[in-house]
Amino acid sequence: ASAGSGSVPTRREPTPPRATERSHLADRLNVADGTLREDLAVLQEVMLAFRSNFARLGNPNGSNAEITAALTGRNKLNLALIPPDHPAINRDGELCDRWGTPFFFHAESGTRMTIRSAGPDRKMWTGDDEEIAP
């Protein structure tokens, strides 16, 4: 088209970026037909996968929100073992159990971390709590 002809040059839309590969490790976390023990086993697998990819670093560390950030891709490999929009993550960025209570993470060493759920009473350190130490 010549200048002044009134036609608008067509613009090519940029190609959308390729979707990043999504981990399916956390797909069964807090599902309706699951159990707390199964949820903890899912988290155990997530932690093992994290450690296998970050052998020098070991476990992610810090608060629940900091650990969740590392597991959702805020790490040097940009590796998201849990999707950042997973429904188990609350608005404060904390990974929560099936009752909406943030998990308690306690790194005992670079290769051992206890993960505790407050259980159905939503109170930590009571008789219905469950934990796993991946």
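None of these values were measured; they are calculated from a predicted model.
For the pair Asn64 and Leu95, the minimum side-chain heavy-atom distance is below 4.5 Å. Residues Asn59 and Arg51 form a side-chain contact, since some pair of their non-hydrogen atoms from C-beta on lies under 4.5 Å apart.
Ring pair Phe103/Phe105 is tilted by interplanar angle, where 30° to 60° counts as tilted.
Between the side chain of Thr68 and the backbone N or O of Ala65, no donor-acceptor pair lies under 3.5 Å. With hydrogens and angles disregarded, no donor-acceptor distance shorter than 3.5 Å links the side chain of Asn53 to the backbone of Phe50. Formation of a donor-acceptor pair under 3.5 Å by the Glu45 side chain with backbone atoms of Val42 is not found in this model. The backbone N or O of Met113 lies less than 3.5 Å from no partner atom in the side chain of His106, so there is not a single donor-acceptor pair.
Between the CG atom of Asn61 and the CD1 atom of Ile67 there is a distance of 7.0 Å, given to the nearest 0.5 Å. Going from atom OG1 of Thr72 over to atom CD1 of Ile82 covers 7.5 Å, rounded to the nearest 0.5 Å. Atom CG in Asp121 sits 3.5 Å away from atom CG in Asp128 (nearest 0.5 Å). A distance of 6.0 Å separates CE of Met124 from CG of Asp129, quoted to the nearest 0.5 Å. Atoms CZ and SG, on Arg91 and Cys96 in that order, are 11.0 Å from each other to the nearest 0.5 Å. Of the inter-residue distances, the one linking Ser52 atom OG with Leu81 atom CG reads 8.0 Å to the nearest 0.5 angstrom.
In plain terms, the two heavy atoms of Leu36 and Gly119 that are nearest each other are CD2-CA, 4.5 Å. Nearest heavy atoms, Thr126 versus Ala118: OG1-O, 4.3 Å.
Between Glu130 and Arg37 there is a salt bridge, with a side-chain nitrogen of the basic residue lying less than 4.0 Å from a carboxylate oxygen of the acidic one.
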Just do the side chain to side chain contact (heavy atoms under 4.5 Å, CB included) check on Asn75 and Phe54 with the steps written out, would you?
CA-CA 9 Å; Asn75 54 61; Phe54 296 97; 3.3 Å; yes

Glu131 vs Phe104, test: side chain to side chain contact (heavy atoms under 4.5 Å, CB included). Steps then yes/no.
CA-CA 9 Å; Glu131 69 179 32; Phe104 176 78; over 6 Å; no

For the pair Asp97 and Asp39, evaluate side chain to side chain contact (heavy atoms under 4.5 Å, CB included) and give the outcome as yes or no after the intermediate values.
CA-CA 8 Å; Asp97 65 17; Asp39 297 339; 5.9 Å; no

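Looking at residues two or more places apart in sequence or on another chain, you find a side chain to side chain donor-acceptor pair (under 3.5 Å) between Arg28 and Asp33.
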